[in-house]
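Beneath this line is the structure, given in structure tokens, with notes to follow.
Just so you know, these numbers use all the heavy atoms, side chains as well, and skip hydrogens, waters and symmetry mates. Below, read A as the first sequence line, B as the second, and so on, with proteins coming before strands; counting in each chain starts at 1.
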Number of protein chains: 2
Amino acid sequence: MEKNTLLTISERTGYSVSTVSRVLSGKAQKYRISQAAVERITQEANQCDYRPNLVAQSLRTQKSQTIGLLVPGIENPFFATLSAIVIELLGARGYHTLVADSGESEQEELNALQMFQSRSVDGIICVPVSSSPELHEKIGRRIPFVLLDRYFKETTLSYICTDNFTGARMATEYLLQKGYRNILAIQGVPASMPSQERVRGFLSAVNSAGARGTVVGDAFSVENGFREAKKAFSRPQHSYDAVFAFSSTILLGTIQALRSLQLKPARDLGVISFDNNGFLDFLDPAITRVEQPLREAGSKAVETLFDIMDARRHSLPEPAPRQLLIQPTLVVRDSC
Amino acid sequence: MEKNTLLTISERTGYSVSTVSRVLSGKAQKYRISQAAVERITQEANQCDYRPNLVAQSLRTQKSQTIGLLVPGIENPFFATLSAIVIELLGARGYHTLVADSGESEQEELNALQMFQSRSVDGIICVPVSSSPELHEKIGRRIPFVLLDRYFKETTLSYICTDNFTGARMATEYLLQKGYRNILAIQGVPASMPSQERVRGFLSAVNSAGARGTVVGDAFSVENGFREAKKAFSRPQHSYDAVFAFSSTILLGTIQALRSLQLKPARDLGVISFDNNGFLDFLDPAITRVEQPLREAGSKAVETLFDIMDARRHSLPEPAPRQLLIQPTLVVRDSC
DNA sequence: AGGTTGTGCGCAATCGTTTGCGCTTGTTTC
DNA sequence: GAAACAAGCGCAAACGATTGCGCACAACCT
């Protein structure tokens, strides 16, 4: 009920608010506060269980011990996992995470980033959905900013992403090497960099092998996977001999569709996926896929962000933007 | 570079900070601000793209448009999914989410809850780890508070949880009915209400059927599932004919262990799981399980929280605590 | 003319911290 | 005995918003 602020402690101890503040924020040394004062004040603070008001602290210091995390769809297991990893890593460094969801909308992304600003977050980790980095770079000038999972072609911002081109190429080449010649790729959000790069990698491999490749789909969702697979494999005269699902959600939808058509991976056609859900090993057959090292990406992103934050804190020269394409790995199982 | 605050707008328009504030927070009517003033001020605000400083706003109003979400382990897919759902639902209501992770530690839980307080969150959704509700109730008096997934036996707080007792009973009875007589249950964190209730339900069913039931394990993790299953089924003289995994993480570990021992669900023993990961349908065999309606729980929790918030906002009498045990459903597949 | 009512706006306190600067004392130095 | 310095602490101005109260003026009524 009764409030505990610097003021009340100040009144109860007879010391000024300034002194109380300095003692309780551990600056007693620096300001040469007497031992007596330190003791009296800490005692009182302990007794009344004083906790600084973080809002007031943020207002005054323009810091908040909080990082803003912006993803385009937290309901997607991929981003849920990625978020979980980032939240965990930030927590380990004593930072809290404010999570926002842009829902693949540029407008929402704008809102969220502005919200982050006006809350004085100390840094931002963002899976961008916009087509141009201007806004991000502008904000990045004031607030340490790292792009994750998606990036911009030309930008001064740091980013940590999977090398989706190479990954898709690897997957496709593996299919080709296994003898599949007419591959259906089901992609995610076409405007997103990962999908585009995967399409590029896919087509590049298919073309240089003189095979046939088709790209369909428009979302990183189970439904999209189901719909597109169903549509493609329902047509009697289709001639696909393999499917490349661009995410594990798409894969699940695809498998559902195949089942409903009595088709089985490996037996009736080749199936390969892009993504890193451990449970792919538990499917029957286990799914061959290109795995993204999600934890590594999250961890590098957090690390990069803190490097920038540290540099700014000590007004050192900004480290050169770290622009990383993490190599995914082909995990061979039994689906093709 | 140039700041935009009420003060700067005030200077540029010639109106006082008060007037600018009232116009920009939509209270022009209420305070009878002239049309001229409203126009001049909104124009200036638009032009300089003014955004209120949410930190200052929070400090003044004690509101933050933010809900604190506390879970005991965001890296666990169950909580990752639950968090994602809650974050999404809160977002839809215009609220942001501050996520904290207690890591199953009471101390961390305490910290997080205090942090929430001192940040003036407008409400808290919490998966508790403490054994007693005192702290939670105390905070609940100041801040709308809802428990999710775990609850306390005697509490005045609202909670939304799965009926774990009934769920476990259902699962076990199904196994018994299928003829299994010696069941190994691998549980999660033993101190947690869900695990305890599931153990109760399990033993209750086993005992009243005169069958044998054993409980082992101590974490909601893949590793725990692997370790316990491996240990149990490695012993040549073991006589278990079925496994009940208390979560899908535990299940995955169990399956790994079984595989390593050349054992297969359904063929060699019965397997049943507690949890709601859609991908259980994609395993071979598909896993029979008790499903918790996660989205429903999240949604009810959010709804309940907002009911409390609304009541307090209008200083209506607090609604009676809503204490809900959601019924899980048995989803029969092919693993037993 | 004097009183009432209404309109449009500003003053200043408040939320709880942080921090630059400077004011007292007391001690040392030459 | 004056100057110089250190030790220990407080004043007051920020940070940027909100809001109760009241002031000034015009319009209206009797």
If you compare every side-chain N and O of [X] against the phosphate oxygens of [N] (OP1, OP2), does one of them come in below 4.0 Å?
{"X": "K3(A)", "N": "dG16(C)", "value": "yes"}
{"X": "Q62(A)", "N": "dC15(D)", "value": "no"}
{"X": "Y31(B)", "N": "dC21(D)", "value": "no"}

Spatial distance of atom OG1 (T66(B)) from atom CG (L54(B)) [nearest 0.5 Å]: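 Reported value, rounded in 0.5 Å steps: 8.0 Å.
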
Residues that [X] engages under side chain to side chain donor-acceptor pair (under 3.5 Å), provided they are two or more places apart:
{"X": "E137(B)", "result": "T155(B)"}
{"X": "E88(A)", "result": "R295(A)"}
{"X": "T13(B)", "result": "none"}

Starting from [atom2] on [N], measure out to [atom1] on [X] and report it in whole angstrom.
{"X": "L54(B)", "N": "dC15(D)", "atom1": "CG", "atom2": "C1'", "value": "14 Å"}
{"X": "L7(A)", "N": "dC11(D)", "atom1": "CG", "atom2": "C1'", "value": "14 Å"}
{"X": "Q57(B)", "N": "dC15(D)", "atom1": "CD", "atom2": "P", "value": "17 Å"}
{"X": "L59(A)", "N": "dA13(D)", "atom1": "CG", "atom2": "P", "value": "17 Å"}
{"X": "N53(A)", "N": "dT14(C)", "atom1": "CG", "atom2": "C1'", "value": "13 Å"}
{"X": "Q117(A)", "N": "dG16(D)", "atom1": "CD", "atom2": "P", "value": "13 Å"}
{"X": "K63(B)", "N": "dC15(C)", "atom1": "NZ", "atom2": "P", "value": "15 Å"}
{"X": "K27(A)", "N": "dG20(C)", "atom1": "NZ", "atom2": "C1'", "value": "13 Å"}

Measuring from the side chain of Y50(B) (C-beta onward, heavy atoms only), which nucleotide among dA17(D), dT19(C), dT19(D) has the closest atom? dA17(D)

Indicate whether any N or O donor in one side chain lies under 3.5 Å from an N or O acceptor in the other, for T19(B) and S16(B).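 Checked: T19(B)/S16(B) side chains pair up, N/O donor to acceptor below 3.5 Å.
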
Is a donor from one side chain sitting under 3.5 angstrom from an acceptor on the other, for R51(A) and N111(B)? no

Listed pairs under 3.5 Å, donor-acceptor, residues 124-135 of chain B side chains, sequence neighbours left out:
residue: S130(B); atom: OG; partner: E109(B); partner atom: OE2; Å: 2.5
residue: S132(B); atom: OG; partner: E134(B); partner atom: N; Å: 3.3

Please report, to 0.1 Å, the donor-acceptor pairs under 3.5 Å made by any side chain of residues 68-78 of chain A, with sequence neighbours excluded.
residue: N76(A); atom: OD1; partner: F78(A); partner atom: N; Å: 2.8
residue: N76(A); atom: ND2; partner: F220(A); partner atom: O; Å: 3.2

Listed once per pair and sorted, the ring-ring contact (aromatic ring centres under 6.0 Å, His included) pairs that draw on residues 3-44 of chain A, sequence neighbours left out: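 Applying ring-ring contact (aromatic ring centres under 6.0 Å, His included) to every pair that reaches into residues 3-44 of chain A, excluding sequence neighbours, yields nothing.
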
What pairs meet the ring-ring contact (aromatic ring centres under 6.0 Å, His included) rule with one or both residues in residues 304-323 of chain A, with sequence neighbours excluded? Y95(A)-F306(A)

Mind checking what makes ring pair (Phe, Tyr, Trp, His ring centres under 6.0 Å) contact with Y50(A), not counting sequence neighbours? none

Kindly state which residues belonging to residues 32-40 of chain B come within less than 4.0 angstrom of DNA chain C, counting heavy atoms of the residue only, listed by number. R32(B), I33(B), S34(B), A37(B)

Expected list for residues 143-151 of chain B: side-chain donor-acceptor pairs under 3.5 angstrom, two or more places apart:
residue: R150(B); atom: NH1; partner: E104(B); partner atom: OE1; Å: 3.2
residue: R150(B); atom: NH2; partner: E104(B); partner atom: OE2; Å: 2.9

Going by number, which of residues 8-26 of chain B have a non-hydrogen atom under 4.0 Å from DNA chain D? V17(B), S18(B), S21(B), R22(B)

What are the atom names and distances for every N/O pair under 3.5 Å that joins the protein to nucleotides 25-27 of chain C?
none

